[in-house]
Amino acid sequence: MKKSLSFLLFLSVCFSYSQDSVLTKSKVANAITELRDFVAIPNDALNADDIDSNLYWLRKKFTERGFNSSILETEGLPLFFAALPVDDSKPTILFYMHLDGQSVDPSKWDQPDPYKVVLKSKTDEGWKTEAFSDLTDDINYDWRLFGRSTSDDKGPIVMFLNAIDILRKDNVDIPYNVKVILDSEEEKSSAPLPKAVRTYKDLLKADFLVINDGPVHVSGKPTIVYGCRGITTLSLTTYGPIKPQHSGHYGNYAPNPGFQLAQLLATMKDSEGKVLIKGYYDGITLDEATLKILRSVPDNAEEINSNLAISTPEKVGSFYQESLQYPSLNIRGLGSAWIGDQARTIVPSTATAELDLRLVPESDGNRLKNLVKNHIKKQGYYVMSTVPTKEERLKYDHIVTVQEGSVTDAFRTDLNNPFGNSIVKTLENKFGEKPVQIRIMGGTVPISPFINELKIPAFIVPMVNPDNNQHSPNENLKIGQIAYGIETFYSLLSTKM
């Protein structure tokens, strides 16, 4: 019953179009055809040939819409850039999306080839495959397209292109200069992006940035996000005997690195999930106006807890949105010796914990990593960045190797920014109610280079359904979201801010 009500809510929000709606179902069908063509080109960021094929497709499609396009070389894979002819009297809007996708394991998908889109409808028994020939003028907006990158992030790119088609057909004088930058290594953390943005700073110059990545709020309502958390990582390894030893012969004698690591990790958080490392949350304050915005997000705590199958959430914040305003310290992987059927009666030689630290604008990733390392030293550990030699093992009782990952910064635009206010008003006028406003989302999008270099505000305006399985097998895009995305792009590009 809940799912049925959610779908009805989604329809009422996203498709209660006014009489001046620019969209017909035949135009949605055209977008589906183009998306199938685009998805059919593999786009694994680990394969440079894949990216080249996608760049060729994009250049052709954007040129057909009147854009001037360029392939921007970087230290890694190229970026794709496109722009409509510039009018110096207009403000400039820069759109960011990405063309690469996660790798696929076809054996985990419910279709032979993840790059060949399959049309499906939901039944009581599960998902039923439908024929594309059935996409007539009576398209069912609840049907879905299954395939890699249908939602993350080729779907939004196709929505944008088809919105441009309709704007041109309607002879709309777009009140902006329009630029588009498409990342080809977003799924690989966009390592070349900061230097590339510095290199092409003049080309990318704009008044504000709109990111079209990720899903709308779980309620299905139009959504605007003002920021996202950053990320960095640490790998911690503790040491026991130089080789695994028989637990009968050396248990109670050789130190166990698993216990050492467990005891060390336990000093970092309390029983309610709050980080105990001094200074970890420094600089973060939430006034009543901010808390009001956070509470306005229509999250359902009972539903979240049920979906996660947890009894009680951690207490970093008093509710979900508040918890996202603080940096996190997460154990993303934990291992020592063998487990399950492979378990052996040994004292392990090493134990390793992989940590990720989600960042907020008030927290510097390098500073937090140093706080963690200093905390480890205070627990009596000798901290190294390499594997200890035998001599070092004999010299120090407690050794930990710490390997650091790179830092992707967080960003957050002020909630009262005039461009943001205009986006909120545009969405509200289009869909009949105020959109969900999220101060900062939990995930990471590599946008900070644009903000740091171009000195412009940035906003995330997501387009796809929240249950799209991005990064996972059976990634999908609800057809209704294609309609929603085309309408949203049309409204943003035809409304002067």
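- Taking CG of Leu357 as the start and CD of Glu404 as the end, the distance is 10.0 Å to the nearest 0.5 Å.
- Using a cutoff of 4.0 Å between basic side-chain nitrogens and carboxylate oxygens, Glu362 and Arg412 are scored as salt-bridged.
- Residues Asn474 and Asp110 have side chains that bring a donor and an acceptor to within less than 3.5 angstrom of each other.
- Rounded to the nearest 0.5 Å, atoms CD1 (Ile166) and CD (Glu487) are 7.0 Å apart.
- Looking at Glu187 and Arg148, no side-chain N of the basic residue comes within less than 4.0 Å of a carboxylate O on the acidic one, giving no salt bridge.
- Within 6.0 Å of NZ in Lys188 there are more than 12 heavy atoms belonging to other residues, nucleotides or ligands.
- The distance between the ring centers of Phe450 and Phe411 does not fall below 6.0 angstrom.
- Salt-bridge check for Asp173 with Lys90: passed, with a basic side-chain N closer than 4.0 Å to an acidic carboxylate O.
- Under the ring-ring contact (aromatic ring centres under 6.0 Å, His included) rule, Phe95 has a single partner from Phe459, Phe489, Phe67, which is Phe489.
- Counting only distance, with no hydrogens or angles, the side chain of Asn212 and the backbone of Met97 share no donor-acceptor pair below 3.5 Å.
- Between Phe80 and Phe62, the angle of the ring planes lies from 30° to 60°, which puts this pair in the tilted group.
- Aromatic ring orientation, Phe208 versus Phe419: parallel (interplanar angle below 30°, classes split at 30° and 60°).
- Using cut-offs of 30° and 60° for the angle between ring planes, the Tyr484 and Phe431 rings count as tilted.
- Across Ala31 and Ile486, no two heavy atoms sit closer than the pair CB-CD1, 4.0 Å.
- Scanning all heavy atoms of the two residues, the minimum distance from Ser151 to Val464 falls at O-CG1, 3.4 Å.
- In plain terms, the two heavy atoms of Lys478 and Asn465 that are nearest each other are N-OD1, 2.9 Å.
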